[in-house]
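In what follows, a structure is listed as structure tokens, so that the remarks can point back to it.
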Amino acid sequence: MPTKFQSKVYEVCKKIPKGRVSTYKEIARKLRTKAYRAVGSALNKNPYAPIVPCHRVVNSDGFVGGFASGIKKKIKLLKSEGIKIKKNRINNFGKVIFKF
DNA sequence: GCTTTGACTCTCG
DNA sequence: TCGAGAGCCAAAG
């Protein structure tokens, strides 16, 4: 059982609809906190691997931050959901971005 | 219990 | 437009 903070992060992540992405910043804001980095760390642990779509979370500028199983894997997953990726960056970022 | 670190973000030169 | 530096919070060592 992760910490309460982490659980909240996972809760929010699960709400991200398919074919859309969100940012660490938005998640942090949803939680009423500024712990952007802590959000990233929480997703890095990600005990609910298949349940929580952590691959739909990227940096605030559309750059694909990182992924525990490799950045390539993350991009592949996103592309399979209809999101266009180019050079580790989201195409049409702002159109696929999901804000809370 | 203090120190370090990280899948981040913003500001400034 | 781009790179470097500082700030931020929570978790792990």
Side-chain angles (χ1 to χ4, degrees):
Chain A
M1 184 69 178
T3 68
K4 202 161 188 179
F5 174 79
Q6 292 174 338
S7 298
K8 286 189 172 190
V9 174
Y10 304 136
E11 281 293 319
V12 178
C13 283
K14 282 191 293 185
K15 293 176 183 172
I16 302 175
K18 183 183 171 220
R20 292 290 162 87
V21 296
S22 188
T23 68
Y24 299 97
K25 181 186 168 190
E26 286 299 322
I27 294 174
R29 190 164 54 172
K30 175 67 178 179
L31 299 180
R32 310 295 191 277
T33 180
K34 297 149 192 103
Y36 318 113
R37 313 194 69 159
V39 172
S41 296
L43 291 177
N44 180 252
K45 316 257 175 126
N46 193 19
Y48 309 98
I51 299 90
V52 178
C54 51
H55 58 274
R56 295 184 190 148
V57 185
V58 297
N59 290 24
S60 64
D61 57 353
F63 180 80
V64 181
F67 199 60
S69 304
I71 187 64
K72 291 268 192 176
K73 196 82 175 183
K74 183 171 181 176
I75 294 175
K76 206 168 187 177
L77 284 168
L78 289 172
K79 290 177 89 173
S80 66
E81 291 186 350
I83 299 175
K84 304 291 191 294
I85 309 278
K86 182 180 179 182
K87 294 184 177 166
N88 296 357
R89 283 196 178 269
I90 308 281
N91 282 3
N92 302 335
F93 184 68
K95 297 198 175 179
V96 295
I97 180 70
F98 178 73
K99 296 176 182 176
F100 293 97

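As the structure is a prediction and not an experimental result, all values here were calculated from the model. Residue numbers start from 1 in every chain, and the chains themselves are labelled A, B, ... in the order their sequence lines are given, proteins ahead of strands.
- One finds a salt bridge joining A/E26 and A/R29 here, because a Lys/Arg side-chain nitrogen approaches an Asp/Glu carboxylate oxygen to under 4.0 Å.
- Distance A/H55 NE2 to B/dA7 C1': 14 Å, rounded to the nearest Å.
- Heavy-atom minimum distance, A/K14 versus A/P53: CA-CD, 3.9 Å.
- Chain A approaches DNA chain C over the interval C/dG7 to C/dA12, counting the first and last nucleotide 5' to 3' with an atom under 4.0 Å from its heavy atoms.
- Nearer to the 5' terminus of DNA chain B, by closest-nucleotide assignment, is the contact made by A/A38 (compared with the other of A/A38 and A/S60).
- One interatomic measurement links the two molecules: NZ of A/K34 to C1' of B/dT9, which rounds to 13 Å at whole-angstrom precision.
- Hydrophobic clustering (ILVMFWY, side-chain heavy atoms < 4.5 Å, transitive): A/I75 and A/V96 are in one cluster.
- Residue A/N59 places at least one side-chain N or O closer than 4.0 Å to OP1 or OP2 of B/dT9.
- Side chain of A/K74 to backbone of A/V57: a donor-acceptor contact under 3.5 angstrom is found.
- Between the P atom of B/dC10 and the CG atom of A/D61 lies a distance of 9 Å, rounded to the nearest Å.
- Atom C1' of nucleotide B/dC8 and atom OH of A/Y24 are separated by 8 Å, given to the nearest angstrom.
- Remark: P of B/dA7 and CG of A/L77 are 18 Å apart, rounded to the nearest angstrom.
- Here the C1' atom of nucleotide B/dC8 and the CD atom of A/E26 are 13 Å apart, to the nearest Å.
- Looking at heavy atoms from C-beta onward, A/R56 lies in side-chain contact with A/K18 at the 4.5 angstrom threshold.
- For the side-chain hydrogen bond (donor to acceptor under 3.5 Å, both in side chains) criterion with A/E81, the lone passing option out of A/H55, A/R20, A/K76 is A/H55.
- Toward the 5' end of DNA chain C, the nearer of the two residues A/R37 and A/Q6, judged by each one's closest nucleotide, is A/R37.
- What separates OH of A/Y36 from C1' of B/dC10 is a distance of 8 Å, to the nearest Å.
- Transitive grouping of hydrophobic side chains (ILVMFWY, heavy atoms separated by less than 4.5 Å) keeps A/F67 and A/F63 in distinct clusters.
- A/F5 places its CZ atom 13 Å from the P atom of B/dC8, with the value rounded to the nearest Å.
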